[in-house]
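This report concerns only the one structure given below.
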Amino acid sequence: MKNIFKFLSRHKLAVFTILLLLIAQAYCDLALPTYTSDLLNVGLQQGGIENAVLKSARAESIDALSLFMTAEEAAFVGDCYDLPDEDGIRHLKKNVDTDKLNRILLLPECILFQAQSMMESGNITHEGNPEQMQNALSEMKELSDMYLNQIAVNYVSSEYSAQGLSLNKIRNHYLLSVGAKMLAMSLFMTLTSVIAGLISAKVSAKIGKTLRQSLYEKVMRFTNAEMENFSTASLITRATNDIQQIQMVTVVLLRMVAYAPILAIGGVIHVIGTKSGMSWIIVVAVAILISCIAIVLAVSLPKFKKMQTLVDRLNLVSREMLSGIMPIRAFSREKHEEKRFDVANKDLYNTQLFTNRAMTFMSPVMMFVMNGLSVLIVWVGARKIDNGILQVGNLTAFIAYSMVIVMGFLMLSMIFVFLPRAGIAADRIVEVLDTDILLKDCDNPRDAELSAPKGIVRFSDVSFRYPGAEENALENISFTAEPGKTTAIIGSTGCGKSTLIKLIPRFFDVSDGSIAIDGIDIRELTQHKLRDMLGYVPQKGMLFSGTIESNLKFGGDEITDDDIIQAAEIAQATDFIESKPDKYETAIAQEGSNVSGGQRQRLSIARAIAKHPKIFLFDDSFSALDYKTDLALRKVLAEKISDATVIIVAQRISTILHADQIIVLDDGKIAGIGTHEQLLSVCKTYQEIAKSQLSEAELRNTNVLLEGGNC
């Protein structure tokens with residue numbers, strides 16, 4: 001989880017802006033129940049009259065009210081109103097302390113209204129009954145402020161009627177003004193929500209883009225040692241599914257999780273403001289919700305951790321099936337692979353089913369708590385209304401705020417459906433990004449000393465051991481490959497030929513000894529500079545989706561059309577390229593699956609040639625070519641790149657017959673170095689390879705005695 005917040009911390013300004021927008025949205029959201037309460041209490045029950053403050057009053061009414069005030073209060077009330085107009089009406093001045101005026105007028109208005117009611121009912125005469133009046137006043141003082149306010153509102157209504165004002169007009173004006181405020185707040189709330197959503201989506205997309213870029217750049221610098229820790233299927237899952245999980249939960253975090261506590265805190269403040277005495281109900285509901293969330297999270301979290309591993313497994317099986325579809329069909333193993341896929345699929349299905357069931361348990365629990373909360377509030381609130389402690393509008397507002405608080409926790413519970421899995425996905429991404437790479441550039445590279453490289457490659461007592469291996473794969477290898485000459489490496493399968501040639505581009509670092517180019521240890525060069533001098537053709541011809549042209553220009557932007565045409569001619573690829581309708585614009589499918597193995601290999605060779613490197617590394621790159629094409633290619637190659645250093649790994653002796661230097665490897669050690677003729681004379685290992693590949697006539701033509709000595 002901390003990693004997700006770490007990703008978000010890089011976008012502080014956007015997150016801060018979203019929080020401000022959410023606070024504004026929450027303010028509007030929380031204000032609406034208050035306005036609804038006002039519509040019920042003031043607009044409908046009180047006819048649009050909010051309190052005891054008279055907007056206008058007859059002069060005699062103010063005089064009558066003053067009888068029940070102190071001299072100081074009467075003076076304050078007199079100062080709040082203008083002098084009587086020609087109709088004897090006094091109007092309320094502007095910028096008056098209405099709260100103080102309301103407190104002063106409240107009881108006098110109630111007394112006068114009660115007196116008027118008693119006179120109208122005949123309980124007292126106009127002359128009055130002091131004892132009855134005193135009893136009425138004593139009872140009135142025991143009433144709640146809510147009832148006193150309603151009595152005062154009735155007095156204000158009667159006063160307005162006496163002035164000839166329309167009570168319906170007053171009520172409608174109040175309803176329309178409050179309704180307009182609610183509409184404005186709703187529109188503003190919608191606007192803030194849309195803007196916050198847009199910013200959240202942008203932040204989420206940017207986090208995903210940054211993570212994919214960082215992950216890609218990191219993996220591009222991985223050596224085989226790091227790749228062994230993360231399978232290809234796992235890296236693909238991390239770059240796609242895991243980052244998608246993070247993107248999705250980021251939006252939810254910024255929109256729902258950030259909004260939920262703001263709503264909940266605001267709801268609590270408003271609930272306390274209602275002074276309903278029912279806050280304990282909210283405490284009970286929240287306690288139940290937190291307990292349910294904690295239980296579900298404790299049960300589901302281990303399964304979420306397992307789920308991403310199962311996604312990796314499913315991707316691995318799927319990838320192997322798609323890549324190996326031909327051998328699967330050839331060996332009639334379709335049913336076996338279907339069962340293998342079914343096992344991986346069912347494991348993921350069962351885990352997802354368990355977590356989904358656990359999470360869906362939250363929804364009915366939440367709904368039960370919400371509905372139970374509503375029933376309990378109505379039941380307790382009805383008793384308070386009956387006792388005159390609460391108004392209907394206040395009860396409605398309390399229910400609304402209670403639902404806001406519960407909805408806040410409901411939104412938090414929903415995030416727990418995504419958060420555990422996204423947290424694990426973030427950990428998996430960080431695991432890749434924090435992986436320490438074994439091959440690093442030195443602090444003070446000597447690239448400048450190779451501004452015009454010659455291409456002399458020298459192995460000095462080189463030994464190499466794979467990470468974790470007990471024995472050396474190569475041991476005490478020493479030789480020199482010079483410009484204008486071809487150095488060939490041959491040996492039995494598994495003797496270390498490909499390993500040796502992969503040490504030159506620093507796909508691995510030597511365990512002992514050193515490899516130097518023009519006298520400079522390759523570890524003292526940056527990897528970019530080193531590989532810029534090399535033209536590497538791998539054992540498996542690997543092409544990228546695009547066109548023939550894009551693949552041949554893969555070596556750099558400086559490669560021209562003339563370069564690729566010349567390279568294709570050298571690699572004997574011109575004939576099949578020109579036979580295509582689109583020629584160099586012919587589309588190449590992923591991994592070059594729409595061209596043959598030989599064509600793929602020739603394009604790989606042409607790609608290296610087009611780069612004009614100083615050192616060519618051919619890792620068994622002629623194995624898919626027929627003898628005629630192989631011979632023609634090597635002949636043209638020797639003519640066109642006569643100034644470059646050529647190192648060839650080969651299985652066939654026919655490929656390296658004319659090499660200037662042949663290195664024979666046997667179990668990771670040099671069994672012999674020399675030309676073809678020299679090795680046939682003195683190297684037993686080379687003689688065995690020759691006997692297995694060349695006929696008696698071919699051997700006699702090279703003037704070789706079959707009975708050679710040991711080397």
Side-chain angles (χ1 to χ4, degrees), residues 457 459-466 469-482 485-504 510 513 537-540 597-598 601 616-631 633-635 637-638 645-711:
V457 180
F459 277 64
S460 301
D461 202 23
V462 169
S463 295
F464 172 74
R465 178 180 300 179
Y466 284 101
E470 296 180 358
E471 298 180 355
N472 288 335
L474 294 171
E475 194 168 342
N476 302 324
I477 305 296
S478 297
F479 69 90
T480 301
E482 299 177 351
K485 296 183 179 180
T486 299
T487 298
I489 303 169
I490 196 168
S492 58
T493 301
C495 69
K497 302 186 299 295
S498 292
T499 301
L500 186 149
I501 205 168
K502 287 177 181 177
L503 292 176
I504 300 173
V510 299
V537 184
Q539 198 167 12
K540 178 184 177 183
Q601 204 162 57
F616 282 91
L617 305 176
F618 296 100
D619 185 5
D620 199 13
S621 308
F622 306 99
S623 58
L625 305 180
D626 59 82
Y627 285 100
K628 181 181 178 181
T629 304
D630 184 1
L631 180 61
L633 192 155
R634 285 187 288 108
K635 182 179 179 181
L637 194 65
T645 302
V646 179
I647 301 176
I648 300 175
V649 168
Q651 295 282 358
R652 299 192 310 224
I653 282 184
S654 59
T655 303
I656 60 170
L657 277 174
H658 302 288
D660 299 286
Q661 177 181 229
I662 300 174
I663 300 170
V664 184
L665 288 184
D666 185 20
D667 197 21
K669 299 178 182 178
I670 293 180
I673 298 180
T675 62
H676 172 70
E677 291 78 7
Q678 291 170 343
L679 291 172
L680 278 177
S681 301
V682 298
C683 184
K684 184 177 180 180
T685 303
Y686 191 76
Q687 289 173 5
E688 291 174 352
I689 297 172
K691 289 177 183 178
S692 66
Q693 295 185 18
L694 301 177
S695 65
E696 294 282 346
E698 289 172 323
L699 289 172
R700 282 196 299 271
N701 289 337
T702 55
N703 300 317
V704 173
L705 295 175
L706 293 178
E707 298 82 9
N710 292 326
C711 55

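Residues take their numbers from the sequence shown, with the count starting at 1. Heavy atoms only: backbone and side chains are in, while hydrogens, waters and symmetry mates are out.
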> Can you name the residues that form a side chain to side chain donor-acceptor pair (under 3.5 Å) with Thr480, not counting sequence neighbours?
Replying inline: Arg458
>> If you define the side chain from C-beta out and look only at heavy atoms, does anything of Ser478 sit under 4.5 Å from Asp461?
In response: yes
>> Minimum heavy-atom separation for Leu474 and Leu665, please, with both atom names.
In response: CD2-CD1, 4.4 Å
>> I need the full list of salt bridge (charged side-chain N to carboxylate O under 4.0 Å, His left out) pairs touching residues 648-674, with sequence neighbours left out, sorted by first then second residue.
In response: Asp630-Arg652
>> Checking Glu688 now: which residues fulfil side chain to side chain donor-acceptor pair (under 3.5 Å) with it, not counting sequence neighbours?
In response: none
> Looking at residues at least two apart in the chain, or sitting in another chain, which of them share a ring-ring contact (aromatic ring centres under 6.0 Å, His included) with Phe618?
Replying inline: Phe616, Phe622
>> Which residues pass the side chain to side chain donor-acceptor pair (under 3.5 Å) test with Ser492, not counting sequence neighbours?
In response: none
>> Once rounded to the nearest 0.5 Å, what's the spacing between atom CG of Asn472 and atom OG1 of Thr499?
In response: 11.5 Å
>> As an exercise, state the distance from CG of Leu500 to CD1 of Ile477, rounded to the nearest 0.5 Å.
In response: 6.0 Å
> With side chains defined as the heavy atoms from C-beta onward, is the minimum distance between Asp619 and Lys502 less than 4.5 Å?
Replying inline: yes
>> Holding to salt bridge (charged side-chain N to carboxylate O under 4.0 Å, His left out), I want the full list of residues that pass it with Lys485, two or more places apart in sequence or in another chain.
In response: Glu482
> For Gln651, what residues pass the side-chain contact (heavy atoms from CB on, under 4.5 Å) criterion, not counting sequence neighbours?
Replying inline: Thr493, Lys497, Asp620
> For Phe459, which residues count as a ring-ring contact (aromatic ring centres under 6.0 Å, His included) partner, sequence neighbours excluded?
Replying inline: Phe479
>> Using side-chain heavy atoms (C-beta onward) and a distance below 4.5 Å, is His676 in contact with Ile656?
In response: no
> Closest heavy-atom contact between Ile689 and Gly491?
Replying inline: CD1-CA, 4.0 Å
> If you round to the nearest 0.5 Å, how far is CD1 of Ile490 from OG1 of Thr685?
Replying inline: 11.0 Å
> Say you draw a straight line from CD1 of Ile662 to OG1 of Thr487; how long is it, rounded to the nearest 0.5 Å?
Replying inline: 10.0 Å
> Got a donor-acceptor contact below 3.5 angstrom from the Gln687 side chain to the Leu680 backbone?
Replying inline: yes
> In Å, rounded to the nearest 0.5 Å, how long is the span from OG of Ser692 to CD1 of Ile653?
Replying inline: 6.5 Å
> Which residues pass the side chain to side chain donor-acceptor pair (under 3.5 Å) test with Glu475, sequence neighbours left out?
Replying inline: none
> Between the side chain of Ser681 and the main-chain N/O of Leu679, is any donor-acceptor distance below 3.5 Å?
Replying inline: no
> Quick one: does Ser621's side chain have a donor or acceptor within less than 3.5 Å of a partner on Val537's backbone?
Replying inline: yes
> From Ile670 CD1 over to Cys495 SG, what is the distance, rounded to the nearest 0.5 angstrom?
Replying inline: 11.0 Å
> Is the backbone of Asn476 close enough, under 3.5 Å, to the side chain of Ser463 for a donor and an acceptor to pair up by distance?
Replying inline: yes
